[in-house]
Asks: 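Shown below is the structure under consideration.
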Amino acid sequence: MKYKELFAKKLVQACNGVVEYGDLIQRIEIPKHESLGDYAFPCFQLAKFEKMSPNKIAENLASDMNDPSFEKVEAVGPYVNVFLNKTTVASDVIHLVLSQEGKYGSSEIGEGGAVTIDLSSPNIAKPFSMGHLRSTVIGNALALLVEKVGYCPIRINHLGDWGTQFGKLITAYRKWGNEQKVREQTIKELLNLYILFHEKAELDPVLEDEGRKAFKELEQGDPEAVRLWDWFREESLKEFNRIYDLMGITFDSTNGEAFYNDKMQRVIEMLEEKNLLVESNGAMVVDLGEDTPPCLIKKKDGASLYATRDLAAAIYRYETYDFSQSLYVVGNEQSLHFKQLIEVLKKLGFDWADHMHHINFGMMLKDGKKMSTRKGKVVLLEEVLSEAIELAKENIEAKNPNLENKSVIAQQIGVGAVLFHDLKNDRRNDIDFSLEDMLRVEGETGPYVQYTHARACSILRKGNYQKGETIEELDEEAWSVVTKLRHFPNVVERAATEYDPSQIAKFVLELSRAFNKYYGQVRLLEENSSKQARLQLVSAVAIVLQEGLRLLGLHAPKEM
RNA sequence: GUCCCAGUAGCUCAGCAGGAUAGAGCAACAGCCUUCUAAGCUGUGGGUCGCAGGUUCGAAUCCUGCCUGGGACACCA
């Protein structure tokens, strides 16, 4: 929609080019209150150029301006307020949505460039906790968003399947493990062993050394260690896939940390070649100057570290995918790590490191504190999802017992509640875990938006909606709905360029609120001359809600 | 100690490329289902925008300092 641009052009004309178009369009704002119009231009700055009061300037500008797209232009104090022509605009917007359907809001900003997205990345042999939910859900939404604006997303599940923790686990298994028990309940039993290890290690620090030694064996290919590792990995993946299926998330690659095991030597050689590797307290590090702590590359015992593997992974991704951007959806607490990673890559001469972005997010806290796997203080995602689905089922039984496909829809709603709860706020905020909040279905929630969509669909079914009618006139009450629909492409663009799915979440909430209000004020199915125009608006709302929900990874059932 | 992030209504949060009366949801209270799904809508009460300075015609928004909370800071990831 070009109405803002049109307003800016008219302003340039009205002030005889005293101020440039670029300056003007930047200052145009959307008034806080609908009663003040659709766009506003504050005249304070102009008052400095001309020797006139802002109020006077606003009056002059307003009187000089008219266009068929503008219903009214008026000066209110120091502002020029524009009211768009509702009939024209509503007709334009609704037709655009109805003709483009799911493509409405799409763009080609990305020019087909590849965007690798490192997301989810749970640790093998540990339960899939609420903490990993955030990375999974945010990463998936970003993949969908980035695709919407013309990039080609590549979802990489960088499994935590390597590292000293496996040495610890292998050590624990050798000491206290019971094969039978592990076969029966792999993850649960492995978690018990992991917790046990840390309990014992507090009393007997020698265990830590044993754990490190076991990892070293694994890294060097010791057959027995590798056998255990393979087994743990296999079983864990089975469990993770069950959860990913539930959430409808797939990956383009599940190359975890282990995949880079044979690619690290090359990185170390590159670092040596550039004389970047220095010895420090027995370890090998890259010095990053005063402001940044050095990046550890190799431990005293020669074993690799997280940074080493991530360097190899970054290079591998660049060489494999030739990405235009590389995103890492990883918690706040790893900010320093990514800063170091990017700096080391730059020291290696890789300019593309500038296109790597740490998409940080806040932690999932429990009672205001960090959850710790080591102490067994984790909330299991699968349990939360099951509860949410169960609750959705109960709601359906109570409210719409004749619904078909109850269990499918209950799953879509239950999962929707959990995902939306994670996405609706700025990703950088910490979230204190609250099952109650997560299961909520009223107010600012996923099910509220889904419900609104289902209601719109219901109207369309009952009203025998036909495509292709023209819009003569629409209710006054519909204007805020039309305005929301009109803004959708801008919201998509902003959400994508700022890596911020919450903007989509907020948008679908606002659209839902506007639509529900309209729905409450106007009897949409009343037989009169407005009916077809109304149904077209309802159809446009349903399309945009569905697309907004899709971008967040939620389903939009037609009935619920 | 150094660095990063946050502090807005009882609670959870929007708003923060400076602009017109600071907005939602939840919770509380009061209404609305013989008519389109009440997972909804309407109304009421509730705010020194952490504190103190500064920049500006104008600051919740930008700058500085302080307070409070959280996180990171070498062989975990």
Side-chain angles (χ1 to χ4, degrees), chain A residues 26-27 29 31-33 36 40 42-45 47-48 54 76-79 81 121 123 160 162-165 168 208 211-212 215 257 280-285 291-301 303-307 309-310 330-337 339 360 362-363 365 368-370 374 392 395-396 398-400 403 413 417 421 424-426 428-432 434 436-437 440-452 454-463 502-503 506 509-510 512-513 515-526 538 559-560:
Chain A
Q26 269 196 331
R27 294 210 195 103
E29 31 187 275
K32 285 184 187 172
H33 304 280
L36 295 169
C43 300
F44 305 97
Q45 300 271 348
K48 285 186 178 172
V76 178
Y79 291 86
N81 292 341
S121 312
N123 293 323
W162 208 241
T164 311
Q165 49 171 332
K168 293 177 181 178
E208 297 276 353
R212 275 191 280 271
F215 174 55
E257 294 182 39
S280 169
N281 297 328
M284 299 306 280
V285 310
D291 299 332
T292 316
C295 180
L296 277 268
I297 301 293
K298 242 178 167 177
K299 297 199 271 191
K300 249 185 271 189
D301 63 5
S304 70
L305 278 154
Y306 185 38
R309 288 187 286 277
D310 260 5
V330 180
N332 268 338
E333 66 272 26
Q334 288 189 40
S335 295
L336 178 60
H337 166 71
K339 193 179 172 214
N360 60 332
M363 288 185 299
L365 305 172
K369 287 178 202 149
K370 195 174 171 176
R374 297 180 188 187
N395 276 325
I396 289 169
K399 296 164 200 281
N400 196 358
L403 183 66
I413 295 167
H421 175 262
K424 74 175 166 180
N425 292 135
D426 190 297
R428 283 154 294 208
N429 296 151
D430 289 340
I431 299 179
D432 201 356
S434 156
E436 199 191 335
D437 284 351
R440 188 157 274 147
V441 299
E442 289 168 9
E444 295 175 326
T445 66
Y448 168 74
V449 179
Q450 290 172 317
Y451 174 73
T452 308
R455 253 184 166 183
C457 291
S458 170
I459 294 275
L460 295 175
R461 276 193 305 273
K462 295 196 172 158
S502 78
Q503 309 224 15
K506 280 160 200 151
L509 284 172
E510 285 168 15
S512 296
R513 233 186 332 259
F515 177 73
N516 281 325
K517 185 169 183 168
Y518 176 54
Y519 178 102
Q521 285 171 326
V522 175
R523 273 184 246 290
L524 297 170
L525 289 179
E526 201 177 347
V538 174
E559 281 180 80
M560 63 185 265

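Every chain is numbered from 1 and lettered A, B, ... according to where its sequence line falls, protein lines coming before strand lines.
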Asks: Which residues satisfy the salt bridge (Lys or Arg N to Asp or Glu O under 4.0 Å) test with A:Asp426, sequence neighbours excluded?
Replies: A:Arg428

Asks: How does protein contact run along nucleotides 9-18 of chain B, one letter per nucleotide 5' to 3', with B for base contact, S for sugar-phosphate only, - for none, heavy atoms under 4.0 Å?
Replies: ----SS----

Asks: Could you please spell out the steps behind the side chain to side chain contact (heavy atoms under 4.5 Å, CB included) verdict for A:Glu208 and A:Lys168?
Replies: CA-CA 7 Å; A:Glu208 297 276 353; A:Lys168 293 177 181 178; 3.5 Å; yes

Asks: What's the closest nucleotide to the A:Asn81 side chain, out of B:A72, B:A77, B:A20?
Replies: B:A20

Asks: Please, what dot-bracket string fits RNA chain B when only Watson-Crick and G-U pairs with both distances under 3.5 Å count, crossing ones use [ ] and pairs to another strand use |?
Replies: (((((((..((((.....[...)))).(((((.......))))).....(((((..]....))))))))))))....

Asks: Answer with base, sugar-phosphate or nothing: what part of the nucleic acid does A:Ala47 contact at a heavy-atom distance below 4.0 Å?
Replies: nothing

Asks: List in chain and number order the residues that pass side-chain hydrogen bond (donor to acceptor under 3.5 Å, both in side chains) with A:Ser304, two or more places apart in sequence or in another chain; answer none if no residue qualifies.
Replies: A:Glu219, A:Arg309

Asks: Identify, with sequence neighbours excluded, every residue that meets side-chain hydrogen bond (donor to acceptor under 3.5 Å, both in side chains) alongside A:Ser280.
Replies: none

Asks: Taking only residues two or more places apart in sequence, or in another chain, which ones meet A:Arg455 in a salt bridge (Lys or Arg N to Asp or Glu O under 4.0 Å)?
Replies: none

Asks: Report the C-alpha distance between A:Asp437 and A:His421 in whole Å, list the side-chain angles of each, state the deciding distance to 0.1 Å, and finish with yes or no for side chain to side chain contact (heavy atoms under 4.5 Å, CB included).
Replies: CA-CA 8 Å; A:Asp437 284 351; A:His421 175 262; 3.7 Å; yes

Asks: For A:Tyr306, enumerate each residue passing the ring-ring contact (aromatic ring centres under 6.0 Å, His included) test, keeping only those at least two apart in sequence or located in another chain.
Replies: A:His337

Asks: Can you name the residues that form a side-chain hydrogen bond (donor to acceptor under 3.5 Å, both in side chains) with A:Lys506, not counting sequence neighbours?
Replies: A:Ser502

Asks: Test of understanding: with ring-ring contact (aromatic ring centres under 6.0 Å, His included), list the residues that count as partners of A:Tyr448, not counting sequence neighbours.
Replies: none

Asks: If you find the nucleotide of RNA chain B closest to A:Leu336 and the one closest to A:Pro42, which residue's nucleotide is nearer the 5' end?
Replies: A:Pro42

Asks: By the 4.0 Å heavy-atom rule, please label A:Gly163 as base, sugar-phosphate, or nothing.
Replies: sugar-phosphate

Asks: Hey, what are the protein-to-nucleotides 55-57 of chain B N/O distances that come in under 3.5 Å?
Replies:
none

Asks: Can you tell me if the side-chain N/O atoms of A:Ser335 get under 4.0 Å from OP1 or OP2 in B:C4?
Replies: no

Asks: Which parts of nucleotides 27-43 of chain B does protein reach within less than 4.0 Å, heavy atoms only, written one letter per nucleotide 5' to 3' as B for base, S for sugar-phosphate only and - for none?
Replies: --------BBBSBSSS-

Asks: Counting heavy atoms from C-beta on, name the nucleotide in B:A72, B:U21, B:A74 closest to the side chain of A:Val285.
Replies: B:A74

Asks: Is the backbone of A:Gly362 close enough, under 3.5 Å, to the side chain of A:Asp430 for a donor and an acceptor to pair up by distance?
Replies: no

Asks: Has A:Asn400 got a side-chain atom pairing as donor or acceptor with A:Met560's backbone, closer than 3.5 angstrom?
Replies: yes

Asks: So, using salt bridge (Lys or Arg N to Asp or Glu O under 4.0 Å) as the criterion, who are the partners of A:Glu444 when residues are at least two apart?
Replies: A:Arg513

